[in-house]
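All values below come from the heavy atoms of this structure, side chains included, with hydrogens, waters and symmetry mates left out. Since the structure is predicted, the reported quantities are computational estimates derived from the model, not experimental observations. Here is how names work: the chains are called A, B, and so on, in the same order as the sequence lines, proteins then strands, and each is numbered from 1.
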Amino acid sequence: MKLNNKVVYILISVFISYTLLFSGFIYYSISKYDYTDFFKRLEIRAVINAKIYLENTSDFDNFNDVNLNFLEDLPSQSVHFIPMQNGKSFSLDSVSKKFPKEFISDIIEKGNGQVNVDNTLMAGIEYTNKRNESYLVIVTAENYFHGHHIAYLGNLLTTAILYSVFLIFLISLLVSRTLIHPVNNIIQEVEKIGTKNLHLRLKTTKTNDTIDQLSKTFNRMLNRLETSFESQKNFISNASHELNTPLASIIGEAELALSRPRDIEEYKSALHRILIEAEKLEKKTSALLQLAQTGFNGKSQKFTEIRIDQLILDVQATVSKVIANPKINLDFSLLPDNPEKLIVHGNEQLLHLAIYNILINALKYSDGKLVHIALGVSLSNIFIIVKDAGIGIPEKEIKYIYDPYFRASNTTNYKGYGIGLPLTRNIVIMHHGELIVSSEQDKGTVVQINLPIN
Amino acid sequence: MNNQVLKILLPTDFSVLSLHAIKQIINNNPTKVFEFTLAHGYHLSDSLTTLLFHSKHKILQKLISEDFNNATEFLKSKYEKQFKSISYELLTSRNKSYIQNYLKNRNFDHIYLLNGFDWKFNLNISYDISEALTNSHIPTSIIDLQFTEEHQLYANNNVVDIFLI
(Lines give C-alpha, C1' and ligand atoms only; values in the text may rest on other atoms or scores of the structure.)
Protein backbone atom coordinates (compact mmCIF):
# COMPACT_ATOMS: atom_id res chain seq x y z
CA MET A 1 0.00 0.00 0.00
CA LYS A 2 1.29 3.47 -0.87
CA LEU A 3 2.26 5.62 2.09
CA ASN A 4 0.01 8.32 0.66
CA ASN A 5 -3.08 6.08 0.78
CA LYS A 6 -2.06 4.64 4.11
CA VAL A 7 -2.05 8.11 5.67
CA VAL A 8 -5.48 8.84 4.16
CA TYR A 9 -6.95 5.57 5.45
CA ILE A 10 -5.51 5.98 8.90
CA LEU A 11 -6.75 9.56 9.22
CA ILE A 12 -10.23 8.67 7.90
CA SER A 13 -10.53 5.67 10.25
CA VAL A 14 -9.46 7.69 13.25
CA PHE A 15 -11.75 10.63 12.45
CA ILE A 16 -14.75 8.44 11.64
CA SER A 17 -14.33 6.36 14.79
CA TYR A 18 -14.10 9.52 16.84
CA THR A 19 -17.11 11.16 15.14
CA LEU A 20 -19.28 8.03 15.49
CA LEU A 21 -18.39 7.68 19.13
CA PHE A 22 -19.04 11.33 19.79
CA SER A 23 -22.35 11.38 17.87
CA GLY A 24 -23.50 8.14 19.55
CA PHE A 25 -22.81 9.61 22.95
CA ILE A 26 -24.77 12.80 22.14
CA TYR A 27 -27.70 10.81 20.71
CA TYR A 28 -27.89 8.49 23.72
CA SER A 29 -27.56 11.34 26.28
CA ILE A 30 -30.21 13.57 24.66
CA SER A 31 -32.58 10.62 24.23
CA LYS A 32 -32.25 9.65 27.88
CA TYR A 33 -32.63 13.22 29.07
CA ASP A 34 -35.75 13.66 26.93
CA TYR A 35 -37.54 10.74 28.65
CA THR A 36 -36.54 11.93 32.14
CA ASP A 37 -37.74 15.43 31.33
CA PHE A 38 -41.07 14.22 29.90
CA PHE A 39 -41.80 12.07 32.97
CA LYS A 40 -41.16 15.10 35.19
CA ARG A 41 -43.56 17.16 33.14
CA LEU A 42 -46.23 14.44 33.54
CA GLU A 43 -45.63 14.32 37.29
CA ILE A 44 -46.06 18.11 37.57
CA ARG A 45 -49.32 17.83 35.62
CA ALA A 46 -50.47 15.07 37.95
CA VAL A 47 -49.86 17.31 40.99
CA ILE A 48 -51.60 20.33 39.43
CA ASN A 49 -54.60 18.24 38.37
CA ALA A 50 -54.79 16.76 41.85
CA LYS A 51 -54.83 20.26 43.37
CA ILE A 52 -57.53 21.39 40.93
CA TYR A 53 -59.86 18.44 41.12
CA LEU A 54 -59.25 16.80 44.47
CA GLU A 55 -59.04 19.84 46.71
CA ASN A 56 -61.88 22.26 47.32
CA THR A 57 -59.85 25.35 48.08
CA SER A 58 -59.61 28.99 47.16
CA ASP A 59 -56.43 28.15 45.16
CA PHE A 60 -58.58 26.33 42.59
CA ASP A 61 -58.69 29.35 40.26
CA ASN A 62 -54.97 29.88 40.44
CA PHE A 63 -54.14 26.28 39.61
CA ASN A 64 -56.76 26.24 36.87
CA ASP A 65 -55.22 29.38 35.38
CA VAL A 66 -51.83 27.75 35.36
CA ASN A 67 -53.26 24.65 33.77
CA LEU A 68 -55.14 26.51 31.08
CA ASN A 69 -52.71 29.29 30.27
CA PHE A 70 -49.26 27.86 30.79
CA LEU A 71 -49.47 24.12 30.27
CA GLU A 72 -50.14 23.22 26.70
CA ASP A 73 -52.01 19.99 25.99
CA LEU A 74 -49.71 17.10 25.39
CA PRO A 75 -50.59 14.72 22.53
CA SER A 76 -53.16 12.13 23.70
CA GLN A 77 -52.95 13.50 27.25
CA SER A 78 -55.36 12.02 29.77
CA VAL A 79 -55.60 12.35 33.54
CA HIS A 80 -56.92 9.53 35.73
CA PHE A 81 -58.01 9.78 39.39
CA ILE A 82 -58.28 6.44 41.09
CA PRO A 83 -59.57 6.57 44.65
CA MET A 84 -57.82 4.25 47.03
CA GLN A 85 -60.26 1.92 48.83
CA ASN A 86 -60.41 2.49 52.63
CA GLY A 87 -57.84 5.17 52.22
CA LYS A 88 -55.05 2.58 52.40
CA SER A 89 -55.47 -0.68 50.55
CA PHE A 90 -56.12 -0.95 46.83
CA SER A 91 -57.30 -3.69 44.54
CA LEU A 92 -54.79 -4.03 41.68
CA ASP A 93 -57.06 -6.13 39.55
CA SER A 94 -59.56 -3.33 39.11
CA VAL A 95 -57.05 -1.07 37.33
CA SER A 96 -54.65 -3.62 35.83
CA LYS A 97 -56.51 -3.58 32.52
CA LYS A 98 -55.58 0.08 31.99
CA PHE A 99 -52.17 0.33 33.65
CA PRO A 100 -49.35 -2.16 34.21
CA LYS A 101 -49.37 -3.79 37.64
CA GLU A 102 -45.74 -2.92 38.39
CA PHE A 103 -46.44 0.74 37.68
CA ILE A 104 -49.34 0.86 40.16
CA SER A 105 -47.30 -1.06 42.75
CA ASP A 106 -44.47 1.46 42.34
CA ILE A 107 -46.84 4.39 43.00
CA ILE A 108 -48.28 2.75 46.10
CA GLU A 109 -44.88 1.72 47.46
CA LYS A 110 -42.71 4.72 46.55
CA GLY A 111 -45.31 7.51 46.19
CA ASN A 112 -44.68 7.90 42.46
CA GLY A 113 -44.07 5.78 39.36
CA GLN A 114 -43.19 5.97 35.70
CA VAL A 115 -43.68 3.61 32.78
CA ASN A 116 -43.49 3.63 29.01
CA VAL A 117 -46.07 1.49 27.19
CA ASP A 118 -45.88 1.56 23.38
CA ASN A 119 -44.48 5.11 23.38
CA THR A 120 -47.28 6.26 25.72
CA LEU A 121 -45.59 7.57 28.81
CA MET A 122 -47.36 7.28 32.18
CA ALA A 123 -46.44 9.07 35.38
CA GLY A 124 -48.43 8.72 38.56
CA ILE A 125 -48.42 9.95 42.15
CA GLU A 126 -50.24 9.04 45.29
CA TYR A 127 -52.16 12.10 46.52
CA THR A 128 -53.99 12.61 49.86
CA ASN A 129 -56.21 15.67 50.04
CA LYS A 130 -57.16 17.73 53.06
CA ARG A 131 -60.17 15.53 53.68
CA ASN A 132 -57.72 12.67 54.10
CA GLU A 133 -58.90 10.92 50.92
CA SER A 134 -56.13 9.15 49.02
CA TYR A 135 -56.01 8.94 45.24
CA LEU A 136 -53.72 7.69 42.57
CA VAL A 137 -53.34 10.48 40.05
CA ILE A 138 -52.01 9.20 36.75
CA VAL A 139 -51.23 11.30 33.70
CA THR A 140 -50.58 9.63 30.37
CA ALA A 141 -49.43 11.18 27.09
CA GLU A 142 -47.51 10.36 23.96
CA ASN A 143 -43.92 11.60 23.92
CA TYR A 144 -44.27 13.76 20.86
CA PHE A 145 -40.95 15.49 21.52
CA HIS A 146 -39.04 12.25 21.53
CA GLY A 147 -40.59 11.13 18.31
CA HIS A 148 -39.83 14.37 16.55
CA HIS A 149 -36.82 15.96 18.25
CA ILE A 150 -34.77 12.81 18.58
CA ALA A 151 -35.57 11.80 15.03
CA TYR A 152 -34.48 15.26 13.94
CA LEU A 153 -31.28 14.93 15.98
CA GLY A 154 -30.66 11.51 14.42
CA ASN A 155 -31.05 12.92 10.93
CA LEU A 156 -28.87 15.90 11.80
CA LEU A 157 -26.07 13.73 13.15
CA THR A 158 -26.23 11.32 10.20
CA THR A 159 -26.02 14.19 7.71
CA ALA A 160 -23.19 15.78 9.70
CA ILE A 161 -21.29 12.46 9.75
CA LEU A 162 -21.68 12.06 5.98
CA TYR A 163 -20.49 15.61 5.34
CA SER A 164 -17.61 15.24 7.78
CA VAL A 165 -16.52 11.95 6.14
CA PHE A 166 -16.29 13.79 2.86
CA LEU A 167 -14.49 16.70 4.49
CA ILE A 168 -12.14 14.38 6.39
CA PHE A 169 -11.33 12.59 3.14
CA LEU A 170 -10.35 15.89 1.51
CA ILE A 171 -8.35 17.03 4.56
CA SER A 172 -6.58 13.64 4.82
CA LEU A 173 -5.69 13.83 1.15
CA LEU A 174 -4.34 17.33 1.63
CA VAL A 175 -2.40 16.44 4.79
CA SER A 176 -0.94 13.29 3.29
CA ARG A 177 0.14 15.16 0.15
CA THR A 178 1.65 17.99 2.23
CA LEU A 179 3.56 15.48 4.34
CA ILE A 180 4.56 13.07 1.63
CA HIS A 181 5.39 15.65 -1.04
CA PRO A 182 8.73 16.76 0.50
CA VAL A 183 9.70 13.12 1.05
CA ASN A 184 8.95 12.40 -2.61
CA ASN A 185 11.09 15.41 -3.55
CA ILE A 186 13.97 14.00 -1.48
CA ILE A 187 13.55 10.61 -3.17
CA GLN A 188 13.69 12.26 -6.61
CA GLU A 189 16.76 14.31 -5.67
CA VAL A 190 18.57 11.32 -4.16
CA GLU A 191 17.78 9.28 -7.29
CA LYS A 192 19.74 11.84 -9.33
CA ILE A 193 22.91 11.36 -7.25
CA GLY A 194 25.25 8.67 -8.47
CA THR A 195 28.95 7.84 -8.37
CA LYS A 196 29.63 10.36 -11.12
CA ASN A 197 27.98 13.33 -9.41
CA LEU A 198 28.59 12.63 -5.73
CA HIS A 199 29.21 16.34 -5.25
CA LEU A 200 25.46 17.05 -5.57
CA ARG A 201 23.60 17.80 -2.34
CA LEU A 202 19.95 17.93 -1.33
CA LYS A 203 18.28 21.29 -0.86
CA THR A 204 17.97 22.33 2.75
CA THR A 205 15.95 25.05 4.42
CA LYS A 206 16.31 26.94 7.67
CA THR A 207 13.17 25.41 9.16
CA ASN A 208 15.10 22.62 10.88
CA ASP A 209 12.00 20.41 10.82
CA THR A 210 12.15 16.64 10.42
CA ILE A 211 12.21 16.80 6.62
CA ASP A 212 15.02 19.37 6.73
CA GLN A 213 16.92 17.23 9.21
CA LEU A 214 16.46 14.24 6.90
CA SER A 215 17.95 16.24 4.02
CA LYS A 216 20.86 17.37 6.20
CA THR A 217 21.47 13.80 7.36
CA PHE A 218 21.51 12.66 3.75
CA ASN A 219 23.96 15.45 2.92
CA ARG A 220 26.25 14.45 5.79
CA MET A 221 26.11 10.86 4.58
CA LEU A 222 26.94 12.05 1.06
CA ASN A 223 29.91 13.99 2.48
CA ARG A 224 31.21 10.81 4.09
CA LEU A 225 30.58 8.81 0.93
CA GLU A 226 32.32 11.41 -1.21
CA THR A 227 35.33 11.50 1.14
CA SER A 228 35.42 7.71 1.12
CA PHE A 229 35.31 7.63 -2.69
CA GLU A 230 38.00 10.29 -2.86
CA SER A 231 40.10 8.32 -0.37
CA GLN A 232 39.80 5.21 -2.49
CA LYS A 233 40.75 7.11 -5.62
CA ASN A 234 43.64 8.78 -3.78
CA PHE A 235 44.85 5.46 -2.41
CA ILE A 236 44.94 3.85 -5.85
CA SER A 237 46.68 6.81 -7.46
CA ASN A 238 49.09 7.33 -4.53
CA ALA A 239 49.85 3.62 -4.14
CA SER A 240 50.46 3.11 -7.86
CA HIS A 241 52.69 6.19 -7.92
CA GLU A 242 54.61 5.17 -4.80
CA LEU A 243 55.13 1.59 -5.98
CA ASN A 244 55.75 2.56 -9.57
CA THR A 245 58.57 5.05 -8.87
CA PRO A 246 61.11 2.53 -7.47
CA LEU A 247 59.97 -0.06 -10.05
CA ALA A 248 60.61 2.43 -12.87
CA SER A 249 64.05 3.18 -11.40
CA ILE A 250 64.86 -0.56 -11.17
CA ILE A 251 63.76 -1.19 -14.76
CA GLY A 252 65.61 1.93 -15.97
CA GLU A 253 68.82 0.94 -14.18
CA ALA A 254 68.60 -2.65 -15.46
CA GLU A 255 67.93 -1.55 -19.05
CA LEU A 256 70.79 0.95 -18.90
CA ALA A 257 73.15 -1.69 -17.50
CA LEU A 258 72.17 -4.19 -20.18
CA SER A 259 72.22 -1.67 -23.08
CA ARG A 260 75.92 -2.45 -23.79
CA PRO A 261 78.72 -4.59 -22.32
CA ARG A 262 80.20 -2.99 -19.16
CA ASP A 263 82.94 -3.76 -16.72
CA ILE A 264 82.32 -5.37 -13.36
CA GLU A 265 82.45 -2.13 -11.37
CA GLU A 266 79.75 -0.56 -13.52
CA TYR A 267 77.54 -3.65 -13.10
CA LYS A 268 78.18 -3.58 -9.35
CA SER A 269 77.25 0.09 -9.20
CA ALA A 270 74.04 -0.53 -11.23
CA LEU A 271 73.09 -3.50 -9.04
CA HIS A 272 73.70 -1.40 -5.94
CA ARG A 273 71.32 1.29 -7.17
CA ILE A 274 68.79 -1.40 -8.08
CA LEU A 275 69.14 -2.84 -4.58
CA ILE A 276 68.50 0.57 -2.98
CA GLU A 277 65.33 1.02 -5.06
CA ALA A 278 64.23 -2.56 -4.36
CA GLU A 279 64.69 -1.96 -0.62
CA LYS A 280 62.55 1.17 -0.88
CA LEU A 281 59.91 -0.90 -2.62
CA GLU A 282 60.17 -3.58 0.04
CA LYS A 283 59.76 -0.97 2.83
CA LYS A 284 56.69 0.44 1.15
CA THR A 285 55.05 -2.93 0.60
CA SER A 286 55.88 -4.11 4.14
CA ALA A 287 54.43 -0.87 5.55
CA LEU A 288 51.31 -1.55 3.51
CA LEU A 289 51.21 -5.11 4.84
CA GLN A 290 51.55 -3.81 8.39
CA LEU A 291 48.71 -1.37 7.79
CA ALA A 292 46.53 -4.17 6.46
CA GLN A 293 47.34 -6.33 9.48
CA THR A 294 46.45 -3.61 11.97
CA GLY A 295 43.21 -3.11 10.12
CA PHE A 296 42.07 -6.53 11.39
CA ASN A 297 40.18 -6.95 14.62
CA GLY A 298 43.33 -7.28 16.66
CA LYS A 299 42.46 -10.64 18.22
CA SER A 300 45.75 -12.11 17.06
CA GLN A 301 47.73 -9.37 18.86
CA LYS A 302 49.09 -10.01 22.32
CA PHE A 303 47.81 -7.50 24.85
CA THR A 304 49.50 -6.80 28.19
CA GLU A 305 49.45 -4.14 30.90
CA ILE A 306 51.55 -1.15 29.85
CA ARG A 307 52.58 1.92 31.81
CA ILE A 308 52.14 4.77 29.37
CA ASP A 309 54.68 7.16 30.95
CA GLN A 310 57.32 4.44 30.67
CA LEU A 311 56.29 3.76 27.07
CA ILE A 312 56.68 7.44 26.20
CA LEU A 313 60.18 7.46 27.70
CA ASP A 314 61.01 4.32 25.63
CA VAL A 315 59.73 6.03 22.48
CA GLN A 316 61.81 9.09 23.27
CA ALA A 317 64.89 6.87 23.60
CA THR A 318 64.14 5.17 20.27
CA VAL A 319 63.65 8.53 18.56
CA SER A 320 66.99 9.71 19.96
CA LYS A 321 68.68 6.79 18.18
CA VAL A 322 67.14 7.77 14.82
CA ILE A 323 67.43 11.58 15.08
CA ALA A 324 70.47 13.15 16.65
CA ASN A 325 69.57 15.46 19.57
CA PRO A 326 65.83 15.64 18.98
CA LYS A 327 64.23 18.73 20.54
CA ILE A 328 61.58 17.10 22.69
CA ASN A 329 59.99 18.62 25.77
CA LEU A 330 58.39 16.02 28.00
CA ASP A 331 55.61 17.55 30.12
CA PHE A 332 54.71 15.15 32.91
CA SER A 333 53.55 18.00 35.18
CA LEU A 334 50.05 16.54 35.43
CA LEU A 335 51.13 12.96 35.94
CA PRO A 336 48.66 11.48 38.46
CA ASP A 337 49.72 10.61 42.00
CA ASN A 338 48.27 7.15 41.54
CA PRO A 339 50.46 5.17 39.06
CA GLU A 340 47.64 2.68 38.45
CA LYS A 341 45.90 5.35 36.43
CA LEU A 342 48.75 5.20 33.92
CA ILE A 343 48.24 1.58 32.96
CA VAL A 344 46.53 0.62 29.72
CA HIS A 345 45.78 -2.78 28.30
CA GLY A 346 47.45 -3.02 24.94
CA ASN A 347 50.11 -4.31 22.64
CA GLU A 348 53.37 -2.65 23.61
CA GLN A 349 55.06 -2.91 20.19
CA LEU A 350 52.09 -1.47 18.36
CA LEU A 351 51.52 1.38 20.84
CA HIS A 352 55.24 2.10 20.73
CA LEU A 353 55.01 2.25 16.95
CA ALA A 354 51.94 4.53 17.08
CA ILE A 355 53.50 7.08 19.44
CA TYR A 356 56.82 6.80 17.58
CA ASN A 357 55.10 7.63 14.28
CA ILE A 358 53.42 10.69 15.75
CA LEU A 359 56.59 11.92 17.40
CA ILE A 360 58.76 11.33 14.33
CA ASN A 361 56.21 13.17 12.16
CA ALA A 362 56.15 16.09 14.60
CA LEU A 363 59.95 16.30 14.61
CA LYS A 364 60.20 15.85 10.85
CA TYR A 365 57.80 18.66 9.98
CA SER A 366 58.99 21.07 12.71
CA ASP A 367 62.34 21.94 11.13
CA GLY A 368 64.22 21.68 14.40
CA LYS A 369 61.63 23.51 16.52
CA LEU A 370 60.69 22.14 19.93
CA VAL A 371 58.14 19.33 20.05
CA HIS A 372 56.10 18.81 23.22
CA ILE A 373 54.70 15.58 24.58
CA ALA A 374 52.28 15.82 27.48
CA LEU A 375 50.38 13.24 29.46
CA GLY A 376 47.09 13.73 31.28
CA VAL A 377 44.65 11.33 32.89
CA SER A 378 40.90 11.72 33.17
CA LEU A 379 38.49 9.37 34.92
CA SER A 380 38.45 6.85 32.10
CA ASN A 381 41.12 7.86 29.58
CA ILE A 382 44.78 8.59 29.23
CA PHE A 383 45.54 11.50 26.93
CA ILE A 384 48.86 11.61 25.11
CA ILE A 385 49.30 14.99 23.47
CA VAL A 386 52.00 15.74 20.92
CA LYS A 387 52.24 19.38 19.89
CA ASP A 388 54.58 20.87 17.33
CA ALA A 389 55.06 24.29 15.77
CA GLY A 390 55.79 22.90 12.34
CA ILE A 391 54.39 23.38 8.86
CA GLY A 392 50.89 22.13 9.79
CA ILE A 393 48.38 20.63 7.42
CA PRO A 394 46.38 22.67 4.87
CA GLU A 395 42.76 22.91 6.03
CA LYS A 396 41.34 21.42 2.83
CA GLU A 397 43.59 18.38 3.02
CA ILE A 398 43.04 17.46 6.66
CA LYS A 399 40.20 15.09 5.77
CA TYR A 400 42.57 12.94 3.71
CA ILE A 401 45.32 12.53 6.31
CA TYR A 402 44.24 9.00 7.17
CA ASP A 403 44.35 7.84 3.53
CA PRO A 404 47.25 5.45 2.97
CA TYR A 405 50.00 7.06 0.84
CA PHE A 406 48.39 10.47 1.08
CA ARG A 407 50.88 13.27 1.61
CA ALA A 408 49.84 16.86 2.15
CA SER A 409 50.69 19.35 -0.58
CA ASN A 410 53.20 21.20 1.67
CA THR A 411 55.29 18.08 2.39
CA THR A 412 57.14 17.75 -0.93
CA ASN A 413 60.44 18.75 0.69
CA TYR A 414 60.12 16.06 3.37
CA LYS A 415 60.66 12.34 2.95
CA GLY A 416 57.81 9.99 3.79
CA TYR A 417 55.42 7.34 2.50
CA GLY A 418 52.11 8.55 3.93
CA ILE A 419 51.61 5.34 5.87
CA GLY A 420 52.47 6.47 9.44
CA LEU A 421 49.26 8.26 10.37
CA PRO A 422 46.79 5.70 8.99
CA LEU A 423 48.84 2.99 10.68
CA THR A 424 48.74 4.91 13.99
CA ARG A 425 45.02 5.42 13.70
CA ASN A 426 44.46 1.70 13.12
CA ILE A 427 46.56 0.90 16.19
CA VAL A 428 44.66 3.42 18.35
CA ILE A 429 41.28 2.11 17.14
CA MET A 430 42.49 -1.43 17.86
CA HIS A 431 43.02 -0.28 21.46
CA HIS A 432 39.49 1.22 21.60
CA GLY A 433 41.00 4.69 21.68
CA GLU A 434 40.64 7.83 19.64
CA LEU A 435 43.09 9.80 17.51
CA ILE A 436 42.36 13.49 17.13
CA VAL A 437 44.46 15.70 14.86
CA SER A 438 43.99 19.45 14.80
CA SER A 439 46.26 21.59 12.69
CA GLU A 440 46.76 25.00 11.19
CA GLN A 441 49.03 25.47 8.21
CA ASP A 442 52.34 27.15 9.10
CA LYS A 443 51.38 27.24 12.79
CA GLY A 444 51.60 23.66 13.92
CA THR A 445 49.78 20.47 14.71
CA VAL A 446 48.34 18.96 17.86
CA VAL A 447 47.85 15.21 17.90
CA GLN A 448 45.85 13.73 20.73
CA ILE A 449 45.77 10.02 21.46
CA ASN A 450 43.07 9.01 23.94
CA LEU A 451 43.40 5.49 25.32
CA PRO A 452 41.03 3.89 27.80
CA ILE A 453 42.55 3.17 31.21
CA ASN A 454 42.83 -0.50 32.03
CA MET B 1 49.04 17.33 56.48
CA ASN B 2 46.39 19.76 57.61
CA ASN B 3 43.12 18.08 56.63
CA GLN B 4 40.93 21.15 56.93
CA VAL B 5 38.87 21.49 53.76
CA LEU B 6 38.85 25.02 52.35
CA LYS B 7 35.83 26.11 50.37
CA ILE B 8 37.12 28.29 47.55
CA LEU B 9 35.14 30.53 45.22
CA LEU B 10 36.74 31.31 41.89
CA PRO B 11 35.29 33.21 38.94
CA THR B 12 35.49 31.40 35.61
CA ASP B 13 34.74 31.77 31.91
CA PHE B 14 34.88 27.97 31.51
CA SER B 15 38.02 28.19 29.40
CA VAL B 16 40.72 25.58 29.89
CA LEU B 17 43.27 28.36 30.50
CA SER B 18 41.26 29.63 33.50
CA LEU B 19 41.87 26.26 35.21
CA HIS B 20 45.51 27.27 35.69
CA ALA B 21 44.21 29.29 38.65
CA ILE B 22 43.30 26.02 40.41
CA LYS B 23 46.74 24.64 39.62
CA GLN B 24 48.33 27.73 41.12
CA ILE B 25 46.17 27.72 44.26
CA ILE B 26 46.96 24.06 44.97
CA ASN B 27 50.67 24.46 44.25
CA ASN B 28 50.85 27.51 46.55
CA ASN B 29 49.11 25.65 49.41
CA PRO B 30 50.54 22.12 49.30
CA THR B 31 49.23 21.13 52.74
CA LYS B 32 45.62 22.14 52.26
CA VAL B 33 42.57 20.36 50.83
CA PHE B 34 40.20 22.29 48.59
CA GLU B 35 36.59 22.29 47.52
CA PHE B 36 36.32 24.55 44.49
CA THR B 37 33.24 26.39 43.34
CA LEU B 38 33.62 28.03 39.95
CA ALA B 39 31.25 30.98 39.56
CA HIS B 40 30.13 32.19 36.15
CA GLY B 41 28.23 35.43 35.57
CA TYR B 42 25.20 34.59 33.45
CA HIS B 43 22.62 37.00 31.98
CA LEU B 44 19.22 35.56 32.80
CA SER B 45 16.72 36.16 30.00
CA ASP B 46 13.63 38.36 30.55
CA SER B 47 11.54 35.99 28.49
CA LEU B 48 8.82 34.29 30.51
CA THR B 49 9.21 31.03 28.55
CA THR B 50 12.96 30.94 29.17
CA LEU B 51 12.46 31.63 32.87
CA LEU B 52 9.77 28.95 33.06
CA PHE B 53 12.07 26.31 31.60
CA HIS B 54 15.26 27.66 33.22
CA SER B 55 17.58 24.80 34.03
CA LYS B 56 21.00 25.42 35.55
CA HIS B 57 22.07 21.94 34.54
CA LYS B 58 21.23 22.51 30.85
CA ILE B 59 22.92 25.93 30.77
CA LEU B 60 26.07 24.48 32.33
CA GLN B 61 26.00 21.66 29.80
CA LYS B 62 26.09 24.26 27.03
CA LEU B 63 28.80 26.38 28.66
CA ILE B 64 31.18 23.62 29.72
CA SER B 65 33.09 21.90 26.94
CA GLU B 66 34.32 18.32 26.99
CA ASP B 67 37.90 19.63 26.89
CA PHE B 68 37.23 21.73 30.01
CA ASN B 69 35.86 18.64 31.77
CA ASN B 70 38.87 16.57 30.70
CA ALA B 71 41.29 19.26 31.87
CA THR B 72 39.49 19.35 35.24
CA GLU B 73 39.83 15.57 35.44
CA PHE B 74 43.57 15.90 34.73
CA LEU B 75 43.89 18.24 37.72
CA LYS B 76 41.82 15.93 39.91
CA SER B 77 44.06 12.99 39.01
CA LYS B 78 47.19 15.00 39.57
CA TYR B 79 46.13 16.49 42.92
CA GLU B 80 44.07 13.55 44.11
CA LYS B 81 44.65 14.29 47.82
CA GLN B 82 44.20 18.06 47.71
CA PHE B 83 41.49 18.45 45.11
CA LYS B 84 38.42 17.20 46.93
CA SER B 85 35.67 18.40 44.64
CA ILE B 86 34.58 20.97 42.07
CA SER B 87 31.15 22.46 41.47
CA TYR B 88 29.80 25.16 39.19
CA GLU B 89 27.52 28.09 39.92
CA LEU B 90 25.68 30.54 37.69
CA LEU B 91 25.43 33.98 39.29
CA THR B 92 22.60 35.77 37.54
CA SER B 93 23.04 39.26 38.97
CA ARG B 94 25.71 41.73 40.02
CA ASN B 95 23.35 43.09 42.67
CA LYS B 96 25.24 43.59 45.95
CA SER B 97 22.69 42.02 48.29
CA TYR B 98 22.20 39.07 45.92
CA ILE B 99 25.95 38.42 45.93
CA GLN B 100 26.22 38.92 49.72
CA ASN B 101 23.32 36.51 50.34
CA TYR B 102 24.84 33.95 48.05
CA LEU B 103 28.25 34.18 49.74
CA LYS B 104 26.66 34.07 53.21
CA ASN B 105 24.65 30.92 52.42
CA ARG B 106 27.58 29.07 50.93
CA ASN B 107 30.10 29.64 53.73
CA PHE B 108 33.12 30.12 51.51
CA ASP B 109 36.49 30.28 53.26
CA HIS B 110 38.26 32.20 50.56
CA ILE B 111 37.68 33.98 47.28
CA TYR B 112 40.38 34.09 44.64
CA LEU B 113 40.22 36.71 41.92
CA LEU B 114 42.35 36.63 38.79
CA ASN B 115 44.63 39.45 37.77
CA GLY B 116 45.69 39.99 34.18
CA PHE B 117 43.64 37.11 32.81
CA ASP B 118 42.14 37.63 29.37
CA TRP B 119 38.56 36.48 29.90
CA LYS B 120 36.85 34.88 26.95
CA PHE B 121 33.16 35.51 27.57
CA ASN B 122 30.34 35.27 25.10
CA LEU B 123 29.10 38.72 26.10
CA ASN B 124 25.55 38.01 24.92
CA ILE B 125 25.03 35.50 27.69
CA SER B 126 27.89 35.82 30.17
CA TYR B 127 29.88 38.45 32.05
CA ASP B 128 32.81 38.77 34.44
CA ILE B 129 31.57 38.41 38.03
CA SER B 130 34.93 39.37 39.62
CA GLU B 131 34.03 42.97 40.38
CA ALA B 132 30.85 42.01 42.21
CA LEU B 133 32.87 39.66 44.42
CA THR B 134 35.45 42.26 45.47
CA ASN B 135 33.73 43.88 48.46
CA SER B 136 32.66 40.81 50.37
CA HIS B 137 33.38 39.98 54.02
CA ILE B 138 35.18 36.78 52.91
CA PRO B 139 39.00 36.84 52.76
CA THR B 140 39.95 37.54 49.19
CA SER B 141 43.25 37.02 47.37
CA ILE B 142 44.31 38.02 43.92
CA ILE B 143 46.38 35.65 41.84
CA ASP B 144 48.30 36.62 38.75
CA LEU B 145 47.26 34.55 35.78
CA GLN B 146 49.09 35.85 32.74
CA PHE B 147 50.20 33.83 29.78
CA THR B 148 52.64 34.48 27.00
CA GLU B 149 51.27 36.06 23.88
CA GLU B 150 51.79 32.78 22.06
CA HIS B 151 49.71 30.85 24.58
CA GLN B 152 46.93 33.45 24.55
CA LEU B 153 46.96 33.52 20.76
CA TYR B 154 46.90 29.79 20.18
CA ALA B 155 44.66 28.91 23.13
CA ASN B 156 41.76 27.17 21.49
CA ASN B 157 39.94 26.01 24.61
CA ASN B 158 41.49 22.65 23.87
CA VAL B 159 42.57 20.25 26.59
CA VAL B 160 46.16 20.90 25.51
CA ASP B 161 45.86 24.43 27.01
CA ILE B 162 46.17 22.95 30.50
CA PHE B 163 49.80 22.05 29.79
CA LEU B 164 51.11 25.43 28.58
CA ILE B 165 53.25 23.76 25.98
Side-chain atoms of residues 356-364 of chain A: list all donor-acceptor pairs with protein atoms under 3.5 Å, sequence neighbours left out, distances to 0.1 Å.
unit_1   : atom_1 : unit_2   : atom_2 : d
A/Asn357 : ND2    : A/Leu353 : O      : 3.4
A/Asn357 : ND2    : A/Gly420 : O      : 3.4
A/Asn357 : ND2    : A/Thr424 : OG1    : 3.4
A/Lys364 : NZ     : A/Lys415 : O      : 2.9

Listed pairs under 3.5 Å, donor-acceptor, residues 64-71 of chain B side chains, sequence neighbours left out:
unit_1  : atom_1 : unit_2   : atom_2 : d
B/Ser65 : OG     : B/Phe68  : N      : 3.1
B/Asp67 : OD1    : B/Val159 : N      : 2.9
B/Asn70 : ND2    : B/Glu66  : O      : 3.3

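For A/Leu335, the part lying under 4.5 angstrom from a heavy atom of chain B is the backbone only. With a 4.5 angstrom heavy-atom cutoff, A/Leu375 touches chain B only via backbone atoms.
Of the listed residues A/Ser438, A/Ser333, A/Gly444, the one with more heavy-atom pairs under 4.5 angstrom with chain B than any other is A/Ser333.
If you look at B/Phe34 and B/Tyr79, their ring centroids are not closer than 6.0 Å.
Salt-bridge annotation for A/Lys369 and A/Asp367: absent, with no side-chain N of the basic residue lying under 4.0 Å from a carboxylate O of the acidic one.
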